[in-house]
Amino acid sequence: MRTMRAARYTGRDRVEPEEVSLPEIGSEEALVQVEACGFCGSDINIIAGTHPRAKAPLTLGHELSGHVVQINTAGSSLAVGDPVTIYPLISCGRCHACAHGNPHVCKQLRLYGFDVDGGMAEYVKVPVSALMKLPDDMPIRIGALIEPLAVAVHGISRTTLAGTETVAVLGAGPIGLLTALALEARGISRVLISDVRRKRREFAGSLGLHVLAAGDDLRRAVMESSKQEGADLLFECAGHPSSAREMCSLVRSRGVIVNLGVFRKPVEIDMQAINFREIMILGSR
């Protein structure tokens with residue numbers, strides 16, 4: 001029996017290298033040799049034992065890139081050697097969301113690295129339909145960032161940028177940074193990003209972003225940038241109760257808030273501001 005190395009969640013606060021069986025592919029499946037795999041905040045929740053579905057033993061990882069080493073398909077243009085990333089969501093195909101073109105919010109949604117073994121291993125087996133070929137000139141490690149980048153791009157697509165001048169991004173972690181960069185790529189010139197952590201602010205600044213400390217510094221900059229009206233659009237990317245409390249005070253009347261941060265439990269939100277000032281809050285997976 002052929003084996004491979006994998007990073008295995010073996011119980012609360014435990015991740016261990018293990019020798020596991022090399023996956024065998026079936027019809028319309030491929031084997032990918034993993035070159036890079038990101039470590040997501042969700043993986044931290046799994047390791048902490050707080051994720052509601054992930055159960056040990058489990059190979060972690062859903063942000064990955066690599067090369068096809070085996071493929072068994074009748075109709076795909078993909079071939080052995082192609083650089084790829086994977087679409088990590090596993091949808092049922094039958095529920096209302098799936099039937100209406102929204103399988104990413106499937107009622108029974110599952111993911112690689114959560115519900116089935118993921119990509120923190122030498123190899124991973126996936127359906128051919130879940131593979132996306134990377135450009136030949138893209139560094140393979142960059143391909144592992146496509147899944148978190150997709151989170152940012154999808155979040156931006158949940159609203160319209162027409163008439164948008166000032167945008168605030170709360171949280172300068174990977175999702176916040178990618179959201180701010182994607183907004184700038186879409187032509188928004190006044191993107192203000194904040195974080196409570198100095199090292200994250202420094203890194204955001206090194207990328208050329210307009211970065212501020214969370215709280216008073218951010219509020220002052222937002223108001224100065226918007227003639228004291230507030231941001232047209234705000235992306236909550238921190239998933240922290242403090243950002244949930246302050247976000248309504250940072251947007252203008254009829255402004256839009258897009259929630260990208262994952263909150264571990266219900267949080268306090270100024271529902272009166274949402275009511276009186278007709279603020280819109282949009283969820284984004």
Side-chain angles (χ1 to χ4, degrees), residues 1-9 15 17-43 45-47 51 53-95 97-98 101-136 138-151 153-154 174 285:
M1 180 179 67
R2 297 177 63 191
T3 63
M4 65 176 183
R5 297 275 276 178
R8 301 279 281 176
Y9 165 59
V15 178
E18 285 188 1
E19 288 286 332
V20 298
S21 298
L22 184 73
E24 295 184 3
I25 65 171
S27 177
E28 298 303 317
E29 291 184 332
L31 189 68
V32 174
Q33 184 173 13
V34 179
E35 304 288 344
C37 186
F39 196 84
C40 177
S42 300
D43 296 319
N45 292 337
I46 292 173
I47 295 167
H51 194 277
R53 298 193 317 275
K55 306 298 181 186
L58 174 71
T59 301
L60 301 170
H62 60 279
E63 306 170 355
L64 64 106
S65 58
H67 290 91
V68 176
V69 292
Q70 292 180 23
I71 189 165
N72 183 1
T73 180
S76 174
S77 60
L78 288 166
V80 169
D82 282 345
V84 292
T85 186
I86 74 162
Y87 181 74
L89 309 185
I90 305 169
S91 306
C92 74
R94 299 181 300 275
C95 68
C98 289
N102 298 300
H104 64 291
V105 285
C106 171
K107 187 176 181 180
Q108 301 177 60
L109 188 68
R110 300 185 302 148
L111 289 93
Y112 289 96
F114 293 73
D115 304 280
V116 298
D117 287 338
M120 287 190 191
E122 292 181 85
Y123 299 90
V124 62
K125 177 179 75 169
V126 294
V128 174
S129 60
L131 293 176
M132 287 171 280
K133 188 175 185 295
L134 298 173
D136 291 331
M138 176 181 284
I140 194 70
R141 291 173 64 86
I142 297 298
L145 288 171
I146 288 178
E147 192 276 343
L149 176 62
V151 173
V153 171
H154 177 64
R285 182 105 192 193

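Every heavy atom of this structure was used, including side-chain atoms; hydrogens, water molecules and symmetry mates were not.
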Do [X] and [Y] have side-chain heavy atoms sitting under 4.5 Å apart?
X	Y	value
Leu131	Ile86	yes
Asp115	Ile90	no
Leu31	Val68	no
Asn45	Phe114	no

Kindly compute the distance separating [atom1] ([X]) from [atom2] ([Y]), expressed to the nearest 0.5 Å.
X	Y	atom1	atom2	result
His67	Tyr123	NE2	OH	12.5 Å
His51	Tyr9	NE2	OH	10.5 Å
Leu58	Met120	CG	CE	10.0 Å

Could you point out which residue of Gln108, His104, Arg110 forms a side-chain contact (heavy atoms from CB on, under 4.5 Å) with Cys106? Gln108
Check the pair Val32, Val84 against side-chain contact (heavy atoms from CB on, under 4.5 Å), reporting the backbone distance first and the verdict last. CA-CA 8 Å; Val32 174; Val84 292; 4.0 Å; yes
Sequence-distant partners of Ala144, side-chain contact (heavy atoms from CB on, under 4.5 Å), two or more places apart: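 Residues passing side-chain contact (heavy atoms from CB on, under 4.5 Å) with Ala144: Ala36, Ser65.
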Quick one: side-chain contact (heavy atoms from CB on, under 4.5 Å) partners of Ser76, sequence neighbours excluded? Thr73, Leu78, Val128
Kindly indicate, with the supporting measurements, whether the criterion salt bridge (Lys or Arg N to Asp or Glu O under 4.0 Å) is fulfilled by Arg5 and Glu122. CA-CA 6 Å; Arg5 297 275 276 178; Glu122 292 181 85; 5.9 Å; no
